[in-house]
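Here the structure is a predicted model, which is why all the values come from computation and not from measurement. Counting starts at 1 for both ligands and their atoms, in listed order.
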Amino acid sequence: MKDLHRAFHDHLAQTSPHPLALDIVHAEGCHLTTRDGRRYLDLVSGLAVANVGHRHPRVVQAIKSQCDRYLHVIPYGEFIQEPQVRFAERLTGLLPPTLDSVYFVNSGTEAIEAAVKLAKRVTGRTRLIGCRRSYHGSTHGSLSLTDNETKKYRNRPLLPDVAHIRFNDPGDLELITTEAAGVVVEPIQGDAGVRIPDPDWMRALRQRCTDVGALLVFDEVQTGFGRAGRLFAFEHFGVVPDVLVLGKALGGGLPMGAFISSRDRMALFTHDPVLGHITTFGGHPLPCVAGLAALEALQDEAMLGNARRAGALFKELLVHPRIEDVRGEGLMLAVDLGDAALVQRVVHGCLAQGVLGFWFLSCPTAFRIAPPLVITEEEVRKACGVVMECLSRPI
Ligand code: PLP
């Protein structure tokens, strides 16, 4: 057998020339441990996945128990599988009545693809609207809605009939016309460097979609499941989407996505054609039990309140002449330094001191702070101390 690092580079397809290549042997709560015994305070959460902390005991126990019952038994939707049904029931119980039907898939991008199909089915239209600086995933449909040209130009042609409006720009809402099937929006833009829209714009967006008969699709893959200090970010704005798209933290650390809408809309997938959307593994029992256990932990252990308090403490402590802005809600934060080279130095400086921060896809001047929602006050203070020390080093 080759040395692990050698095999990692030789045989695992890579997506960047210089991966961090931390060799993880253990993860728990807010910490990652590498083979050489180093312990890292995780401000990334596997990219907004480990919201309840790594290996939450309730999640681990739920997975172990389900392993003793059954794993995959049939493609989505054919058999009654208690984990799917109970998780869907629990999720819809937390949502407005118009979001009462859940379709589980395997990832965020897959959920976006399916949500877009639903918008086309419901409206009989083809035009899709996304927002400038958005990110919705890496498959062709999601990439078409994404507005990051550096990720798109090698993959054209993408979906036809897709337009982008400016996020948070009231004037651009006029571009949503009666030709639009759906408008796909992150209620708080994540990879654009955490951008929070004006609640008035959100309400006007909702109204415009209603007026022209387009489905409003909220991509809460990153914001959902408590990340932004509420279970779903749309709760910050008092605006209910027609389709809610979830992923990342939804499966409690296992791969899972979902799109949620009304039963009558979802019923369109049952005819003309039958099996209008299908997936082999979507709703696999392991992510379903893990997701339900994570949801129960999130609620029973008051993690939303902790996310809001910890987020406020980060904002209070991260004050430095080199910090231009700390944006965000809950524990979905961007620390903007206005300088991409400085971001590189700070992220790598923090890593050397055992604090793992990370970049954004479309905002090189900022780094992200998105720790598990269980982070303690002491851990927040430690993380901020390391960031401030890195920022204070002479250039
Ligand atoms: N939508 C948003 C807002 C995301 O942040 C992401 C991933 O970062 C996706 C969709 C795609 O999710 P996945 O990577 O699970 O396909």
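Atom 14 (O) of ligand 1 is never approached by the protein to below 4.0 angstrom, counting heavy atoms only.
Each of the following atoms of ligand 1 lies closer than 4.0 Å to a heavy atom of Gly108: 12 (O), 13 (P), 15 (O), 16 (O). For ligand 1, the atoms lying closer than 4.0 Å to a non-hydrogen atom of Glu186 are 3 (C).
Among protein heavy atoms, the minimum distance from atom 4 (C) of ligand 1 is reached at Tyr135 CD2, 3.8 Å. Shortest contact from atom 16 (O) of ligand 1 to any protein heavy atom: Thr109 N, 2.9 Å. Scanning all protein heavy atoms for the shortest distance to atom 10 (C) of ligand 1 gives His136 O, 3.2 Å. When hydrogens are left out, the protein atom nearest atom 8 (O) of ligand 1 is Lys248 NZ, 3.0 Å; that is the closest non-hydrogen contact. Atom 5 (O) of ligand 1 has as its closest protein heavy atom Gln222 NE2, 2.8 Å. With hydrogens left out, the protein atom closest to atom 1 (N) of ligand 1 is Asp219 OD2, 2.6 Å, a heavy atom.
Between Asp242 and Arg206 there is a salt bridge, since a side-chain N of the basic residue sits under 4.0 Å from a carboxylate O of the acidic one. Between Glu28 and Arg55 there is a salt bridge, since a side-chain N of the basic residue sits under 4.0 Å from a carboxylate O of the acidic one.
Side chain of Glu186 to backbone of Gly190: a donor-acceptor contact under 3.5 angstrom is found. Using modelled atom types, one side-chain atom of Asn306 and one backbone atom of Ile375 make a donor-acceptor pair closer than 3.5 Å.
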Would you tabulate the side-chain donor-acceptor contacts of residues 351-362 under 3.5 Å, counting partners in other chains and residues two or more places apart, or write 'none'?
from   : atom 1 : to     : atom 2 : distance (Å)
Gln353 : NE2    : Glu389 : OE1    : 2.5
Trp359 : NE1    : Gln344 : OE1    : 3.4
Ser362 : OG     : Asn148 : ND2    : 2.9

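Heavy-atom separations between Glu220 and ligand 1 are all 4.0 Å or longer.
Between Asp172 and the choices Arg166, His164, Arg132, the side chain to side chain donor-acceptor pair (under 3.5 Å) rule is met once, by Arg166.
No donor-acceptor contact under 3.5 angstrom links the side chains of Glu110 and Thr139, judged on distance only.
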